[in-house]
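Contents: one structure, followed by commentary.
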Number of protein chains: 2
Amino acid sequence: MKHSHTIGEAAATSGVSAKMIRHYEKIGLIEAADRTDAGYRLYTPADIHTLRFVRRARNLGFSVDDISELLDLWKNDTRASKDVRRVADGHLSALRSKAAEIHSMIDALEHLFENCTNDERPDCPILKDLADDANPARPKDVGHKFGFERVC
Amino acid sequence: MKHSHTIGEAAATSGVSAKMIRHYEKIGLIEAADRTDAGYRLYTPADIHTLRFVRRARNLGFSVDDISELLDLWKNDTRASKDVRRVADGHLSALRSKAAEIHSMIDALEHLFENCTNDERPDCPILKDLADDANPARPKDVGHKFGFERVC
DNA sequence: CTTGACCTTCCAATGATGGGAAGCCCTACT
DNA sequence: AGTAGGGCTTCCCATCATTGGAAGGTCAAG
């Protein structure tokens with residue numbers, strides 16, 4: 001086991017946190033690492049390369065399921081280019097529709113701002129609009145599937 | 001208690017699911033509803049109006065915390081317009097930065113597609129790029145805070 | 001031989017929502 | 001009057017990626 005690294009080193013060089021490396025192992029995204037006699041995980045340069053692949057895919061917003069599929073394709077020499085493309089294409093169109101939703105929210109909010117005095121008076125067109133029963137506030141239901149945990 | 005409605009009716013007319021109405025009550029976003037002798041929740045038209053306000057704000061992507069603040073302002077006649085504006089402004093800039101991230105992911109993916117043959121051959125520039133140690137794939141770390149649960 | 005930095009596992013929380021089970025309530029129909 | 005059904009109740013669990021912490025074992029240097 002020459003050239004093996006601890007999880008901390010693997011985390012530092014791959015950009016994936018040690019926590020997440022253990023997590024990815026537990027959920028089966030990556031293979032279980034070899035261990036020292038003391039139980040420490042050991043990572044080869046090839047493992048770290050895989051971790052980098054995972055991080056880059058996450059940076060592009062791929063889900064863990066997508067990445068699992070991409071990893072399989074990556075390690076399979078007989079893969080067809082179009083299979084990879086299918087995964088990436090699905091992700092891309094999801095991104096595009098998410099972008100469209102966000103832009104429609106931005107537009108609606110900017111519209112609400114148009115008449116906002118931004119002063120000490122209690123009159124506020126933004127609240128008026130939210131309270132207006134005739135206004136569906138761009139009714140497209142957004143909710144959980146597209147993730148507004150804290151930022152949207 | 002004339003003019004009172006069950007949670008199902010309130011859900012249907014407000015557009016907020018019964019599940020979520022109970023949830024909002026539990027987390028304190030809305031006040032606990034009155035109950036019948038049998039324990040059924042009862043909603044007045046004013047309650048339903050509040051629920052509509054909540055739904056519209058959610059449709060605009062406001063977080064529950066934001067909405068809680070907006071509700072307080074809405075029910076407070078001495079509010080200052082600028083306080084509402086502060087909440088909405090914070091949300092708007094969060095939306096804008098999220099939009100920017102998504103567009104950078106879209107751009108990166110579209111770039112990967114440029115040389116993709118989309119055929120049966122095993123050669124795939126998308127995977128090559130993900131595996132390329134020299135390529136940080138737009139290193140801006142995205143992750144949990146901006147929500148890619150299933151779509152990104 | 002201690003100290004401190006690292007590693008281990010396990011459990012919990014985030015945020016908004018959905019799903020389901022087990023059981024009570026109410027109305028309508030036989 | 002009894003029953004079928006639908007709606008209501010509470011409680012727990014799952015999602016998704018990630019972080020945090022606690023309790024404890026290991027290793028290297030001082």
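Each chain gets a letter, A, B and so on, in the order the sequences are listed, and its residues count up from 1.
Using the six-membered ring where Trp is involved, A:His49 and A:Trp74 have ring planes that are perpendicular, over 60° apart on the 30 and 60° scheme. Relative ring orientation between A:His103 and B:His103 is described as tilted, the plane-to-plane angle lying within the 30° to 60° band.
The distance between atom NZ of A:Lys19 and atom C1' of C:dA12, rounded to the nearest whole Å, is 10 Å. Atom P of nucleotide C:dA16 and atom CZ of B:Arg55 are separated by 17 Å, given to the nearest angstrom. Distance CE (A:Met20) to P (D:dG20): 12 Å, rounded to an integer number of Å. What separates CG of A:Leu42 from P of C:dC7 is a distance of 11 Å, to the nearest Å. In this structure, NE2 of A:His23 is placed 11 Å from P of D:dT15, rounded to the nearest angstrom. The nearest whole Å value for the distance from the CG atom in A:Leu29 to the C1' atom in D:dA17 is 12 Å. The nearest whole Å value for the distance from the CD1 atom in B:Ile27 to the C1' atom in D:dC11 is 17 Å. Going from atom CD of B:Glu25 over to atom C1' of D:dC8 covers 13 Å, rounded to whole Å.
Among the protein residues, B:Arg41 comes within range of the sugar-phosphate backbone only, with heavy atoms under 4.0 Å from sugar or phosphate atoms but none that close to a base.
Phosphate contact (OP1/OP2 of D:dT10, side-chain N/O of B:Arg35, threshold under 4.0 Å): present. Considering only side-chain N and O atoms, A:Ser17 lies nowhere under 4.0 angstrom from the phosphate OP1 or OP2 of D:dT18. One finds a side-chain N or O of B:Tyr24 lying less than 4.0 angstrom from the OP1 or OP2 phosphate oxygen of C:dT17. Contact check, A:Tyr40 against D:dG25: no side-chain N or O comes under 4.0 Å of OP1 or OP2.
For the pair A:Asp34/A:Thr44, no side-chain contact is recorded, criterion being any heavy-atom separation below 4.5 Å from C-beta on. Under the 4.5 Å side-chain criterion, counting only non-hydrogen atoms from C-beta, B:Thr50 is in contact with B:Lys75. Side-chain contact between B:Ile30 and B:Phe53 is absent, with no heavy-atom pair separated by less than 4.5 Å.
Both B:Thr6 and B:Lys26 sit near DNA chain D, but only B:Thr6 has its closest nucleotide nearer the 5' end. Each of B:Thr36 and B:Val64 was matched to the nucleotide of DNA chain C holding its nearest heavy atom; the match closer to the 5' end belongs to B:Val64. In terms of position on DNA chain D, the residue among A:Asp37 and B:Arg22 whose nearest nucleotide sits closer to the 5' end is B:Arg22.
Side-chain atoms of B:Asp107 and B:Ser104 form no donor-acceptor pair, as typed in the model, at a separation below 3.5 Å.
Of the candidates C:dA16, D:dT18, C:dT8, C:dT8 carries the atom nearest the A:Ile7 side chain, counting heavy atoms from C-beta on.
Rounded to 10°, the angle separating the first-five-pair axis and the last-five-pair axis of the helix from C:dC1-D:dG30 to C:dT30-D:dA1 equals 30°.
Note that CG of A:Leu92 and CG of A:Leu60 are 10.5 Å apart. Values are rounded to the nearest 0.5 Å.
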